[in-house]
Amino acid sequence: MSTSGNGQVELKSLVKSFGETQAVNDVSLTIPDGAYCCMIGPSGCGKTTILRMIAGHEEPTSGEVLIGGEQTFGLEPVQRGTSMMFQSYALFPHLTVAENVAFSLRVKGIEKDERRNSAMEVLETVKMTHLADRLPAQLSGGQQQRVALARSLITNPKVLLLDEPLSALDEYLRLQMREELRRLQKEIGITFIHVTHTQPEALALADMIVVMDQGVIDQAGTAQEIYTTPETSYVAEFMGGWNVFKGDINKISEKDAEVTGSDGCKYKILSNNLQEGSNVSFSVRRDKVSISRNDGKPDAINHQSGIVHSIEYQGTWVKVTMAKENGELIVANSDEKDYFKDPVDMGDKILASWEAKDLHLLKK
């Protein structure tokens with residue numbers, strides 16, 4: 001199948017209000033042509049509202065949406081060069097797979113043979129030609145999703161919009177379809193904008209991740225940037241993989257700074273234009289935290305004591321959560337081989353530690 005046109009999407013000072021509720025608050029963003037962009041955040045953060053404004057199903061309260069450099073204000077959804085795939089596949093139960101895929105061409109008055117040929121071409125892309133004459137009820141959930149995807153692609157859109165497309169699938173099918181979506185996007189080369197609330201899904205799929213919170217963008221960047229260098233406490237905690245701390249700087253040397261947390265615990269972080277007496281937020285990745293048995297209070301900086309709160313075996317690694325006396329939780333992802341040399345149990349006293357170089361400063 002062929003596609004044409006520039007699928008770059010620009011949002012300029014985009015605002016959407018529903019009564020007194022501001023669902024989207026002054027969002028500006030450029031999604032490059034041909035990118036796979038995942039918008040992620042908790043329910044109610046505005047990600048689906050943005051998707052619907054790009055599609056033309058919602059009008060902005062203020063601001064602009066440009067597709068391929070062209071203003072979309074006043075354009076109907078069918079005039080924008082976008083196609084939207086919803087959570088609900090909404091397949092017509094009385095139509096075959098091929099007829100479902102070709103339905104939009106039927107509405108346009110295109111001849112039956114041409115509709116069939118176009119449908120078979122796009123079904124070939126999603127590897128579903130052998131099921132072209134089945135009814136939706138005769139398909140699995142994953143197969144139905146591929147039909148819905150083919151139906152979205154038959155109009156040769158510049159931008160494909162996906163609203164939590166994998167949420168209705170079980171874990172095995174979700175992993176399969178994740179691979180399929182990525183392969184398909186690379187193959188046809190158009191812009192995909194994919195709304196999800198699942199962090200591993202966004203990290204696995206996206207060239208670009210946009211993390212949203214309460215109607216604003218907290219951070220946008222590549223998957224590696226978002227995961228390895230979060231800018232805020234919110235991004236570090238929401239995307240997972242990090243322990244977040246706060247404290248006051250009480251001593252600065254040429255190379256590092258000493259920080260005291262609210263519970264009196266001492267931290268040392270590499271100095272980076274810090275000011276004595278200021279409050280800082282910082283984080284350490286879970287896989288950089290080491291655990292060991294402990295029978296007393298820690299006497300070293302970047303060492304924290306507590307008891308084992310929970311243990312989760314994850315195959316190649318083990319997630320150990322430690323609870324401090326003040327209730328704060330610290331998570332360590334321990335290599336499976338290292339962990340089982342001396343496994344801990346619930347309630348055991350342990351020590352969590354890390355190196356100063358592994359602490360990452362946050363903006364807020």
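All values derive from a computational prediction rather than experimental measurement.
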Intermediate values then yes/no, side chain to side chain contact (heavy atoms under 4.5 Å, CB included), Glu99 and Arg106: CA-CA 9 Å; Glu99 290 167 342; Arg106 176 179 165 185; 5.9 Å; no

Output field: ring centroids Trp354/Phe245 closer than 6.0 Å: yes

Could you tell me if the side chain of [Y] sits less than 4.5 Å from the side chain of [X], heavy atoms only?
| X | Y | result |
| --- | --- | --- |
| Glu114 | Leu105 | no |
| Thr49 | Phe18 | yes |
| Glu121 | Ile154 | no |
| Ile50 | Val210 | no |
| Leu29 | Met208 | yes |
| Leu181 | Leu166 | yes |
| Lys266 | Asn250 | yes |
| Val78 | Thr155 | no |

Starting from [Y], can I reach [X] by hopping between I/L/V/M/F/W/Y residues whose side chains sit under 4.5 Å apart?
| X | Y | result |
| --- | --- | --- |
| Ile31 | Ile67 | yes |
| Ile188 | Tyr36 | yes |
| Leu66 | Leu14 | no |
| Ile193 | Val24 | yes |
| Leu329 | Val308 | no |

- request: Give the ring-plane orientation class for Phe92 versus Phe103, where under 30° counts as parallel, over 60° as perpendicular and anything between as tilted.
  value: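 Tilted: the ring planes of Phe92 and Phe103 meet at 30° to 60°.
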
message: Does Asp287 form a salt bridge (Lys or Arg N to Asp or Glu O under 4.0 Å) with Arg285? I'd like the steps, not just the answer.
response: CA-CA 5 Å; Asp287 58 337; Arg285 264 173 50 174; 2.8 Å; yes

task: Determine, stepwise, if the pair Arg182 / Asp207 fulfils salt bridge (Lys or Arg N to Asp or Glu O under 4.0 Å).
output: CA-CA 10 Å; Arg182 189 62 177 148; Asp207 303 315; 2.6 Å; yes

- prompt: Does the salt bridge (Lys or Arg N to Asp or Glu O under 4.0 Å) test come out yes or no for Arg183 and Glu187, once each step is laid out?
  reply: CA-CA 6 Å; Arg183 178 197 66 80; Glu187 185 176 301; 2.6 Å; yes

message: Using a 3.5 Å distance criterion without hydrogens, assess whether the side chain of Gln185 forms a donor-acceptor pair with backbone atoms of Gly34.
response: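 Here the side-chain-to-backbone pair exists.
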
field: Expected output: side-chain Glu258 to main-chain Ile252 donor-acceptor under 3.5 Å
entry: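 No, the answer is negative, given that no donor and acceptor are paired below the 3.5 Å cut-off.
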
query: Taking only residues two or more places apart in sequence, or in another chain, which ones meet Asn326 in a side chain to side chain donor-acceptor pair (under 3.5 Å)?
result: Asp263

Side-chain donor-acceptor pair present, [X], [Y], cut-off under 3.5 Å:
| X | Y | value |
| --- | --- | --- |
| Glu336 | Tyr313 | yes |
| Lys324 | Ser305 | no |
| Gln143 | Arg146 | no |

- prompt: When Thr82 is tested against each of Leu161, Leu51, Val65 for side chain to side chain contact (heavy atoms under 4.5 Å, CB included), which residue passes?
  reply: Leu161

task: Apply salt bridge (Lys or Arg N to Asp or Glu O under 4.0 Å) to Lys47 and Asp218, showing your working.
output: CA-CA 12 Å; Lys47 56 190 186 297; Asp218 225 62; over 6 Å; no

- prompt: Is it true that Arg52 and Glu58 make a salt bridge, defined as a side-chain N closer than 4.0 Å to a carboxylate O?
  reply: yes

message: Which residue is it: Phe282, Trp242, Tyr227? I am looking for the one with a ring pair (Phe, Tyr, Trp, His ring centres under 6.0 Å) to His360.
response: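 Exactly one pass, corresponding to Trp242.
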
